[in-house]
There are 2 protein chains.
Amino acid sequence: MTDTDLKTRIKEVAVDHFNRNGYYGTTIRNIAKDVQCSLPMIYYYYKNKKDLFDEIIKKDYFALLKRRAEQLHADNIIDFYTEFVYELNNLSSYDRKVYRLGIKVYLSFDGDEELMEIMDEWEKTLVARHHQLVRPHLQGADNDVAVVRTLIHLLENLIESIVVKNRFHSEEEIREEIAIVLRGC
Amino acid sequence: MTDTDLKTRIKEVAVDHFNRNGYYGTTIRNIAKDVQCSLPMIYYYYKNKKDLFDEIIKKDYFALLKRRAEQLHADNIIDFYTEFVYELNNLSSYDRKVYRLGIKVYLSFDGDEELMEIMDEWEKTLVARHHQLVRPHLQGADNDVAVVRTLIHLLENLIESIVVKNRFHSEEEIREEIAIVLRGC
DNA sequence: GTATAATACTAACGAACGTTAGGCGAAGGA
DNA sequence: TCCTTCGCCTAACGTTCGTTAGTATTATAC
């Protein structure tokens with residue numbers, strides 16, 4: 001096993017533990033036990049516990065968000081959002097845990113102020129992007145701002161249901177709900 | 001200060017700490033410090049840490065949900081849900097923290113399996129109640145099941161935004177969004 | 001072959017944790 | 001008046017925590 005291999009395995013186990021027990025409920029000892037390595041090896045690859053947690057959010061979580069944003073390619077707006085949500089069902093086990101941990105931090109249920117601020121910044125750019133995407137399809141509607149707001153609320157809750165509560169939603173279900181909000185299109 | 005007074009103060013501080021730092025991040029010592037009482041006093045009123053946490057969820061959280069469900073009285077369906085969500089802005093500081101902690105458990109970000117099961121039971125009765133309330137107003141619609149589902153997703157996310165993320169939503173904002181989903185009414 | 005760096009370990013540090021033993025003073029009924 | 005109960009405390013129990021000092025093993029470079 002190479003060094004990077006062990007470093008990756010440590011992070012995989014850490015994501016699992018942080019998810020299950022939170023930052024304070026996770027111990028370096030338990031991570032080491034599950035990785036089947038000695039305790040100081042974790043300090044060999046990561047400065048400390050906080051550094052390990054932060055790297056998961058700052059690197060892996062945002063890399064996942066960016067990767068997902070890039071691989072979209074539907075031209076119809078309802079198809080676009082349907083695919084965006086439905087593809088969450090096919091997330092790898094690791095990605096799903098990273099996503100879940102990210103949402104936990106986004107809701108300030110874990111992590112610190114610094115991470116929260118990064119999340120807020122991302123959210124702002126995301127809301128702006130949704131407006132750009134949807135509003136051209138809602139020309140003439142007097143409540144277009146409210147529609148985008150409603151859509152974002154729906155999307156957030158669908159994402160949470162799949163990623164956090166681990167529930168399955170079929171493609172038709174998702175499309176139906178998005179179509180209800182975007183009925184004007 | 002009477003005995004019940006101290007017991008209440010302990011729980012108030014505990015709610016605050018559990019909210020801010022989670023179950024494992026909260027220590028009996030820090031609670032005692034904020035309450036300005038000695039450490040064993042907490043064991044005088046509560047069996048142990050888990051007992052204190054469980055009582056907040058089992059008693060206070062569900063009492064809050066029931067209280068909110070009872071005091072509703074709008075006859076128009078859109079007014080009804082608008083009021084239901086908007087009134088969250090006027091929650092007392094303590095109730096808001098209890099609600100937030102409840103949502104944290106509901107999303108299995110804290111607490112244990114037992115509490116989660118109680119939450120799941122409540123959710124089932126809630127979903128059934130929403131169907132009963134909304135479907136009479138959607139007679140003839142072929143997608144009534146999807147509309148109720150969409151409405152629940154919207155409500156959940158609005159509640160989360162107010163209670164968890166501590167954001168303000170005006171009555172008009174809320175009414176606008178609910179009306180978009182219930183456009184058929 | 002020998003020095004250097006990277007990878008891994010055992011063992012321990014001090015601090016903080018949940019919890020409890022045991023005692024103190026005031027209040028109230030006998 | 002004595003004795004029990006209640007509300008409250010100081011002090012400590014044993015355990016676990018994050019973290020590090022110090023050392024062994026291996027691979028690479030010269």
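We name chains A, B, ... by the order of the sequence lines, and we start the count at 1 in each one.
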For this session: Send over the distance from Asn21(A) CG to dT16(D) C1', rounded to a whole Å.
Result: 15 Å
Problem set entry | Side chains of Asp79(B) and Thr82(B), donor plus acceptor under 3.5 Å | no
Exercise. Have His153(B) and Ser161(A) got a donor and an acceptor in their side chains that come within less than 3.5 Å?
Worked result: no
Exercise. Is there a donor-acceptor contact under 3.5 Å linking the side chains of Ser108(A) and Arg20(B)?
Worked result: no
Seminar exercise, completed: To the nearest angstrom, the CE-P distance between Met41(A) and dT23(D) comes to 19 Å
Exercise. Which residue pairs pass the ring pair (Phe, Tyr, Trp, His ring centres under 6.0 Å) test with at least one member in residues 5-42 of chain A, sequence neighbours excluded?
Worked result: Phe18(A)-Tyr23(A), Phe18(A)-Phe53(A), Tyr23(A)-Phe53(A)
For this session: Please check the phosphate of dC8(D) (OP1 and OP2 only) for any side-chain N or O of Tyr44(B) closer than 4.0 Å.
Result: no
Exercise. How far does CD of Glu83(A) sit from CG of Asn76(A), to the nearest 0.5 angstrom?
Worked result: 11.0 Å
Exercise. Between Arg9(A) (CZ) and dT7(C) (P), how many Å, whole number?
Worked result: 16 Å
Problem set entry | Nearest-Å distance for atom pair CD1/P, residues Ile42(A) and dT20(D) | 13 Å
Seminar exercise, completed: Across all chains, not counting sequence neighbours, the ring pair (Phe, Tyr, Trp, His ring centres under 6.0 Å) partners of His130(A) are Tyr81(A)
For this session: Using whole Å, report how far OH of Tyr45(A) lies from C1' of dT19(D).
Result: 18 Å
Seminar exercise, completed: Expected string for nucleotides 12-24 of chain C under the B/S/- scheme (protein heavy atoms, under 4.0 Å, primed atoms plus P, OP1, OP2 as sugar-phosphate) is B----BBBBB---
